[in-house]
Amino acid sequence: MVIYGSSISPFVRKVLVALHEKGIAFEHRPVGFHAPDPGFRAASPMGKIPAMEDADYRLADSSAIIDYLELRDPLPALVPKDPRNAARARWFDKFGECELTRQVLIPFVERFLKPRLFKVEGDEALAQRTIDTALPPLFDYLESQIDGPYLVAGVFGIADIAVAAPFHNLRLAGVTVDPARWPKLAGWVSETLERPSFAAAIAAAKR
Ligand SMILES: N[C@@H](CCC(=O)N[C@@H](CS)C(=O)NCC(=O)O)C(=O)O
């Protein structure tokens, strides 16, 4: 199996974490989005990362790829089986992308990607505004949902992967969760990002 995409992307990180958790062997090709690599472009019609190639089967989108992995290699399960927990895990997966990562990418792009990768100045006012106004309500919501080490049904899974993944990008942007204001969230983020699967996925971006 080949996974395309730099794991600096929270979406690529999700897939790498799922693979490590399941112990599935893979080859990682850390291309950037819209890279001209023909294998990547065949797997990702819109040029977004991540994308996957499993023999003659190609797929893009982190959630779709993790669905495939879950059905291909069911153990350890990352998606709950019962309807309520399965749907709640899907909710957190979507929340991770559509609410959290959408906002996290603003300080990440302005403070990290632009100056370090693209060698242009970022918009610090925009980054700070996002940190001050858009992120706190999302953190408040997560603080209200954490009751134990994992987000859904007391078992590590897709919800934890999808919600924790963008917090590494926040760290790269110099933003940490204030433990005085969001104690449960701060603890959950630290513990989740320290899992061996996350550590391996994060280290992959440094190579
Ligand atoms: N829903 C997709 C989102 C993937 C995505 O937006 N990846 C970004 C990198 S973080 C990308 O490739 N952006 C390029 C673009 O939007 O054209 C997933 O979960 O994989």
Side-chain angles (χ1 to χ4, degrees), residues 1-22 24 26 28-54 57-72 78-79 86-87 89-118 120 122-123 126-127 130 134-135 138 151 157-173 175 192-193 197-198 201-207:
M1 180 181 297
V2 176
I3 299 298
Y4 293 98
S6 162
S7 77
I8 199 81
S9 155
F11 303 111
V12 175
R13 194 173 306 126
K14 279 172 66 182
V15 170
L16 299 188
V17 169
L19 286 161
H20 287 299
E21 291 285 342
K22 286 183 175 291
I24 300 173
F26 64 98
H28 186 203
R29 295 190 195 155
V31 298
F33 48 74
H34 305 302
D37 181 303
F40 166 59
R41 295 316 292 254
S44 182
M46 303 301 138
K48 294 191 183 192
I49 52 174
M52 181 209 73
E53 201 177 278
D54 189 15
Y57 183 65
R58 297 179 177 84
L59 194 63
D61 189 275
S62 59
S63 302
I65 295 168
I66 293 173
D67 279 349
Y68 172 71
L69 298 177
E70 186 73 4
L71 292 166
R72 202 197 87 147
L78 295 176
V79 181
R90 174 63 69 201
W91 151 257
F92 277 118
D93 187 21
K94 294 199 96 168
F95 173 86
E97 172 167 1
C98 304
E99 313 292 342
L100 190 59
T101 302
R102 195 171 137 243
Q103 299 300 340
V104 163
L105 286 180
I106 296 170
F108 175 68
V109 167
E110 301 305 328
R111 285 184 172 184
F112 187 89
L113 270 197
K114 281 190 182 172
R116 297 218 194 177
L117 228 67
F118 304 139
V120 295
D123 183 340
L126 173 61
T130 305
L135 289 177
L138 302 178
L151 288 178
I158 179 65
D160 304 288
I161 296 173
V163 176
F167 278 97
H168 179 64
N169 295 76
L170 262 190
R171 285 183 174 178
L172 293 176
V175 183
T192 308
L193 293 185
S197 55
F198 263 101
I202 288 167
K206 295 184 186 132
R207 288 200 289 270

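No experiment lies behind these values; they were computed from the predicted model shown. What you see below is based on every heavy atom in this structure, not just the backbone, and it leaves out hydrogens, waters and symmetry mates. One-based numbering, in listed order, for ligands and for the atoms of each.
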Colleague: In terms of residue, atom name and distance, what is the protein heavy atom nearest to atom 4 (C) of ligand 1?
Modeller: I49 O, 3.3 Å
Colleague: Tell me if the CZ atom of R102 is crowded by more than 12 foreign heavy atoms within 6.0 Å.
Modeller: no
Colleague: The test is ring-ring contact (aromatic ring centres under 6.0 Å, His included); show your working for H168 and F108 and say whether it passes.
Modeller: CA-CA 10 Å; H168 179 64; F108 175 68; 8.6 Å; no
Colleague: Tell me the closest heavy-atom pair linking S62 and K14, and the distance in Å.
Modeller: OG-NZ, 2.9 Å
Colleague: Among protein heavy atoms, which sits nearest to atom 6 (O) of ligand 1, and what does the distance come to when rounded to 0.1 Å?
Modeller: K48 CD, 3.7 Å
Colleague: Just by distance, with hydrogens left out, do D93 and S63 show a side-chain donor and acceptor under 3.5 Å apart?
Modeller: yes
Colleague: Provide, to 0.1 Å, the distance between atom 20 (O) of ligand 1 and the closest protein heavy atom, together with that atom's residue and name.
Modeller: S62 N, 2.8 Å
Colleague: Any N or O of D61 that comes nearer than 3.5 Å to an N or O of ligand 1?
Modeller: yes
Colleague: Once you restrict to heavy atoms under 4.0 Å, what part of E97 touches ligand 1? Side chain, backbone, both or neither.
Modeller: side chain
Colleague: Measure the shortest side-chain to side-chain distance between F95 and L100 over non-hydrogen atoms and say whether it is less than 4.5 angstrom.
Modeller: yes
Colleague: Over 60° means perpendicular and under 30° means parallel, so classify the ring planes of F40 and Y4, tilted if in between.
Modeller: tilted
Colleague: Got the closest protein heavy atom to atom 10 (S) of ligand 1, with its distance?
Modeller: S9 OG, 3.3 Å
Colleague: Show the atoms of ligand 1 that are less than 4.0 angstrom away from any heavy atom in H34.
Modeller: 14 (C), 15 (C), 17 (O)
Colleague: For atom 14 (C) of ligand 1, grab the closest protein heavy atom and report residue, atom and distance to one decimal in Å.
Modeller: F33 CG, 3.6 Å
